[in-house]
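In what follows, residues are counted from 1 in the order of the sequence shown. Every number for a ligand or one of its atoms is a count from 1 in the order of the listing.
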Amino acid sequence: MRILVIGSGGREHALVWKLAQSQRVKKIYVAPGNPGMESQAELVPIQAEDLKSLLSFAKKEKIDLTIVGPEVSLCDGIVPLFEKEKLPIFGPSKEAALLEGSKIFTKQFLMRHQIPTAAFEVFESIEPARKYVEKSAVPIVVKADGLAAGKGVFVCGTKEEAFQALDFLFVKKGLGEAGRRVVIEDCLQGIETSFMVVASGREAIPLATSKDHKRAYDRDQGPNTGGMGVISPSPHLGLPLQEKVMSEIILPTLAGLEKEGRFFKGILYAGLMLTKEGPFVLEYNVRFGDPETEAILPRLEDDLVDLIESALQGKLLGKLLRWKKEVSVCVMMASEGYPGPYPKGKVIDGLGTVGPEAIVFHAGTARQGDQIITAGGRVLGVTALGRDLAEARKIAYGAVSKISWEGVHYRRDIGL
Ligand code: AMP
Ligand code: GLY
């Protein structure tokens, strides 16, 4: 098979790495990819937003299967575009991708289908929003409606912080169109965890569980990021709780989508808060998590192409995935300053010194002649497997310690 992977981050590197192990895969293209993937795939210089060029490329190269990493391509409607040309593609319809593309749509959808989520109100201008905050209890959460690359959510400990968030969105228009409409919701207390399934219509099978570490610094301090490290499995999601999440959240969501004529096939990723009253939905993503994928795929025994094909053919029912018994730890190495502004172009040393005990997934990297340089906030995801967390941590951090660049930052407590 000839496969096209869309995207350029650590998630896409993990997808390419796993696909390259499949007997069924003859050739992998990745658009635009990054230098970490060069040995396994051919890099194609087309951006994930450039749907027209991606389509002509897939037609010209007779691609048998396209796998989409980033949400922008999905929310912009790459799936219907490819399907119109009979090109197999793994991802939800544009109507279903709204679960990630619009927080207002998602909150109203969850209410319509009686799926647990925090109480909320929607606002289109600052005055009523301020009044609502005025009479609400804190902490309170302010969210931009649209896609904001992880920068659209403000968990506010004080009313003053909430006013500032509203001012940023409505007056300063800090997120542009994405912040034109705003959700204000109750702040939930509990343990945060995520849960991903492979879905096709009403059917779904869970992927291995995982736990992201969202804050920038150790002991969950500092600002929220796209994710600074992941362990798999998640210590918070035993089998009974997974079954509860499937029956109370995932399956009702898929049934609701189907009822509304929004066809879903792809990865459904639920961000959950495990509260005293049970699991609540914080958000949905309609794609593989990043860096969750970097921790989960190294544990998957089965062929990824087989799995995706079963989903495309609507044959997930009764399928069981096999996972390695070992646990995994993925440590993200980031640029100094991330998630705020950060420098680029720092030369990365030591990449060649990491042995086969760990996998170094490239995220924000670029090639400069013979050197690999930093080119993003999250630069590398280093994953190791071990009999337990202590062993996986030891191997992962051993590999991390061999790699360096000026200003490198990573959390030291992933999996502690
Ligand atoms: P989201 O993009 O909606 O997942 O929000 C980003 C982060 O904000 C989440 O990972 C949570 O840590 C936090 N968050 C979002 N909504 C809530 C909520 N209702 N209560 C508490 N924390 C929240
Ligand atoms: N790690 C969070 C996400 O993929 O959205």
Could you check [atom] against the protein and tell me its nearest heavy-atom contact, residue, atom and distance included?
atom	answer
atom 5 (O) of ligand 2	Arg287 NH2, 2.8 Å
atom 3 (O) of ligand 1	Lys143 NZ, 3.0 Å
atom 4 (O) of ligand 2	Asp290 N, 2.9 Å
atom 19 (N) of ligand 1	Glu185 OE2, 2.6 Å
atom 22 (N) of ligand 1	Met273 CE, 3.9 Å
atom 13 (C) of ligand 1	Val155 CG2, 3.7 Å
atom 10 (O) of ligand 1	Glu192 OE2, 2.4 Å
atom 20 (N) of ligand 1	Leu188 N, 2.8 Å

Ligand-side contact atoms (ligand 1) for residue partner Lys214, heavy atom cut-off under 4.0 Å: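 So the answer, numbered in order with elements, is 10 (O).
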Subset of ligand 1 atoms that lie under 4.0 Å from at least one heavy atom of Cys187: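 This gives 20 (N), 21 (C) as the contact atoms.
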Carboxylate-amine/guanidinium contact [X] [Y], below 4.0 Å:
X	Y	answer
Glu309	Lys315	no
Arg11	Glu294	no
Arg287	Glu292	no

Criterion salt bridge (charged side-chain N to carboxylate O under 4.0 Å, His left out) on Lys172 and Asp167, from CA distance to verdict: CA-CA 6 Å; Lys172 301 207 174 73; Asp167 188 65; 2.7 Å; yes
Counterpart residues, ring pair (Phe, Tyr, Trp, His ring centres under 6.0 Å), relative to His362 (two or more places apart):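 With neighbours one apart ignored, the set is His13.
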The single option from Glu121, Glu283, Glu185 passing salt bridge (charged side-chain N to carboxylate O under 4.0 Å, His left out) against Lys143: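 Per the salt bridge (charged side-chain N to carboxylate O under 4.0 Å, His left out) rule, the option paired with Lys143 is Glu185, out of Glu121, Glu283, Glu185.
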Option passing salt bridge (charged side-chain N to carboxylate O under 4.0 Å, His left out) with Asp220 (candidates Arg215, Lys211, Arg411):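 Only match with Asp220 under salt bridge (charged side-chain N to carboxylate O under 4.0 Å, His left out): Arg411.
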Any idea which atoms of ligand 2 are less than 4.0 Å away from a heavy-atom of [X]?
X	value
Gly226	1 (N), 2 (C)
Gly289	4 (O)
Asp212	1 (N), 2 (C)
Tyr269	1 (N), 2 (C), 3 (C)
Glu292	1 (N), 2 (C), 4 (O)

Quiz item: cation-pi between [X] and [Y], 6.0 Å / 45°:
X	Y	answer
Lys27	Tyr29	yes
Arg412	Tyr410	yes
Arg130	Phe163	yes

Nearest neighbour of atom 18 (C) of ligand 1 from the list Leu282, Thr193, Val142, on a heavy-atom basis: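 Answer by nearest heavy atom: Leu282.
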Is [X] touching ligand 1 with its side chain, its backbone, both, or neither, if touching means heavy atoms under 4.0 Å apart?
X	result
Val153	side chain
Asn224	side chain
Val141	side chain

For the student: nearest non-hydrogen atoms of Ala162 and Val133, plus distance: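 Smallest heavy-atom distance, with atoms named: CB-CG1, 3.8 Å.
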Option passing side-chain hydrogen bond (donor to acceptor under 3.5 Å, both in side chains) with Glu391 (candidates Arg387, Lys394, Arg393):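 For Glu391, the side-chain hydrogen bond (donor to acceptor under 3.5 Å, both in side chains) check succeeds only for Arg387.
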